[in-house]
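Everything below concerns the one structure shown next.
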There are 2 protein chains.
Amino acid sequence: MKTEYKILLTEDDENLGMLLREYLEAKGYETDLLPDGEEGYNAFMNKKYDLCIFDVMMPKKDGFTLAKEVRMVNTDIPIIFLTAKSMKEDIVQGFKIGADDYITKPFSMKELLFRIEAILRRTVGSNVAQAAYQLGRYKFDTQKQQLIDEQSDSMVKLTTKESELLKLLCINANKVLERNFALKTIWVDDNYFNARSMDVYITKLRKHLKGEESVAIINVHGKGYKLVM
Amino acid sequence: MKTEYKILLTEDDENLGMLLREYLEAKGYETDLLPDGEEGYNAFMNKKYDLCIFDVMMPKKDGFTLAKEVRMVNTDIPIIFLTAKSMKEDIVQGFKIGADDYITKPFSMKELLFRIEAILRRTVGSNVAQAAYQLGRYKFDTQKQQLIDEQSDSMVKLTTKESELLKLLCINANKVLERNFALKTIWVDDNYFNARSMDVYITKLRKHLKGEESVAIINVHGKGYKLVM
DNA sequence: ATTTGCTGTTAATTATTGTTAAAACATGAT
DNA sequence: ATCATGTTTTAACAATAATTAACAGCAAAT
C-alpha cells in the first residue's frame with residue numbers, strides 16, 4: 001500500500017510550471033499547479049496536500065503571503081520556496097515564516113526532487129513508529145515497555161496500555177493526537193467510558209514524566225492531547 | 001536554559017575546516033573538527049552530537065562510508081554532505097544513504113547556516129520549531145500554550161482557545177485579523193454565538209497582556225482585531 | 001439626536017478534563 | 001479451583017474550559 005503524495009505547486013511562469021508538474025507526476029506525485037497565490041490558497045483549502053512548493057514572485061499574492069496564510073491553518077505542512085538566486089533576503093524571510101527548504105532558480109529538477117524526498121522522508125516518514133524515543137532525560141523503550149531515567153539510571157516498567165498510549169503520543173510528538181484516533185487504535189471502541197479510561201492513563205503518564213520539565217502532555221480542549229518537547 | 005547544539009564536522013582541507021568551525025562556533029554551535037573519516041567516526045562514538053557535516057572526499061575514510069557507519073548506530077541524526085559541484089552522482093548516493101541535505105562547494109557559510117537551522121528546527125524540533133513570539137516582556141510559546149513573563153519569571157498557562165487566538169493575532173501582528181477568518185479557522189463556524197465567544201476570549205487575552213504597555217489588542221470596527229506592538 | 005448594530009465585560013451555565021479510589025478483570029502460581 | 005498480584009475499567013467528585021446570557025458602552029448611519 002503506497003499512497004500517492006499530493007503536492008501543491010504555485011508558479012506563474014506557465015512553461016516552468018507545466019514542466020515541473022509533468023516531471024513530478026512522472027515521479028509519482030499527484031501535483032496540482034496553480035498560477036498565483038490566490039488560486040493556490042483556494043486549492044489548499046479544498047484539498048489535503050502533503051507538501052507545498054511556492055514560487056516567491058507571483059501575481060495577486062506572493063509566495064510568502066500565501067505561506068503565512070497556509071501556516072495559520074496548518075503549522076506542519078512542509079513548504080519549499082522557489083526563489084531567484086540574487087534574493088538572499090528572501091531566504092531569510094522564508095525561514096522566518098517556517099520554510100522547510102528553499103531552492104534558487106535556476107535549479108535542476110532532480111535537485112528539487114531530492115529535496116522533496118528528503119523532506120517527505122522526515123515529515124511524513126517521521127510518523128512511523130520507532131523502537132525507542134528520547135523524552136528529555138527519559139528514554140522510552142516501546143518494545144520492553146520501559147521508561148529509563150538516564151540521569152538517575154533508574155527504570156520504570158510501563159503497563160501495556162500506558163506504553164501503547166505513550167507510543168502514540170511519541171509518534172505524533174508536537175502534534176495533536178486526536179482522542180477518537182487514540183481510542184480507536186488502542187481501545188478499539190470510542191465510547192464514553194473508554195474516553196474516561198484514557199484520561200486516567202494520561203494522568204498516569206504525566207506522573208511518569210513529571211521529572212522532566214521540557215516534556216509535557218498538554219490537553220487540546222475537545223480534540224485530544226499533544227506531547228510537546 | 002538554552003542547550004548548545006553539538007556539531008560533528010569532518011573536513012580534510014584544514015583552511016576550510018577551521019574557517020567553518022570558527023563560523024559555527026560564533027553562531028553558537030559547539031563544533032568538533034576532525035580531518036578524516038576515521039577520526040570522525042571515533043569522535044562520533046565518544047560524544048553525543050546533534051548534527052553531522054561530512055565532506056565527501058576525505059582521506060582514509062570517505063564521507064559516505066562514514067555516514068553509513070554512523071547510520072548503523074544512529075538512524076536519526078541529521079547528516080549534511082559537502083560535495084564538489086560536478087559530482088551529481090554523489091548527490092544521489094548521498095540521499096540513498098539518508099542524507100538530510102547536501103551542499104555543493106563552493107558555498108556561502110550563510111547558506112550552510114540556514115540549512116543547519118532548518119534541519120535542527122525539524123529534527124530536534126524542540127527549541128527552534130516551537131514558534132515563540134516575543135510580546136514585549138512576555139514570551140508566548142504556542143506549543144506549550146504558555147505566556148512567560150520574563151521580568152517576573154512567572155508563567156501563565158493558556159487554554160487551547162486562548163492560545164489559538166493569540167497565535168493568529170501574532171501571525172498577523174500589526175495587521176487586521178479579520179473576524180470571519182479567525183472564526184472559521186478556530187471555531188470552524190462563524191455564527192453569532194461563536195463571534196461572542198471570540199469577544200470573550202479577546203477580553204481574556206487583554207487581561208493576560210495588560211502588564212505590557214507596548215502591546216495591545218485593538219478593535220477595528222466591523223472588521224476584526226489587530227495586535228499592535 | 002436617535003436608532004441600529006457592534007463590542008466590552010461579567011457572571012451563569014454547560015461540557016470537558018483531572019484525579020483518586022474502589023471494583024472488575026486477567027494472569028500465573030500453588 | 002483458589003489465591004495473590006498486577007492491570008484495566010468504572011465511579012465519583014473536583015477543577016477547569018468553553019459557551020451562552022445579560023447588560024452596559026460605543027460607533028456609525030440615518
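Heavy atoms only: backbone and side chains are in, while hydrogens, waters and symmetry mates are out. Quick note on labels: first sequence line is chain A, next is B, and so on, each numbered from 1.
Side chain to side chain, A:S197 and A:N194 fail the donor-acceptor criterion of an N or O pair below 3.5 Å. No hydrogens or angles considered: nothing links the side chains of B:E164 and B:Q145 as a donor-acceptor pair under 3.5 Å. Using a 3.5 Å distance cut-off with no hydrogens or angles, the side chains of A:Y133 and A:D141 do not pair a donor with an acceptor. With hydrogens and angles left out, the side-chain atoms of A:N172 and A:Y225 include no donor and acceptor closer than 3.5 Å. A:D62 and A:T65 share a side-chain donor-acceptor pair at under 3.5 Å.
Contacts between chain B and DNA chain C, taken as any atom within less than 4.0 angstrom of a protein heavy atom, begin and end at C:dC6 to C:dT10.
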| field | Heavy-atom protein contacts under 4.0 Å, nucleotides 17-30 of chain D, coded B base, S sugar-phosphate only, - none | value | SBBBSB----S---
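Atom NZ of A:K47 sits in a crowded spot, with more than 12 heavy atoms from other residues, nucleotides or ligands closer than 6.0 Å. Counting non-hydrogen atoms of neighbouring residues, nucleotides and ligands closer than 6.0 angstrom, the NZ atom of B:K139 reaches no more than 12 such neighbours.
Contacts between residues 222-229 of chain B and DNA chain C, counted as heavy-atom distances below 4.0 Å, involve B:G222, B:Y225.
Remark: B:K6 fails to qualify as a cation-pi partner of B:Y29 under the 6.0 Å distance and 45° angle criteria applied to the six-membered ring. Cation-pi check for B:K184 over B:F181 is not met; the charged atom does not lie both under 6.0 angstrom from the ring centroid and within 45 degrees of its normal.
At whole-Å resolution of the value, CD in A:Q145 and P in D:dG6 are 16 Å apart.
Ion pairing between A:K61 and A:E69 holds under the 4.0 Å rule for side-chain N and carboxylate O.
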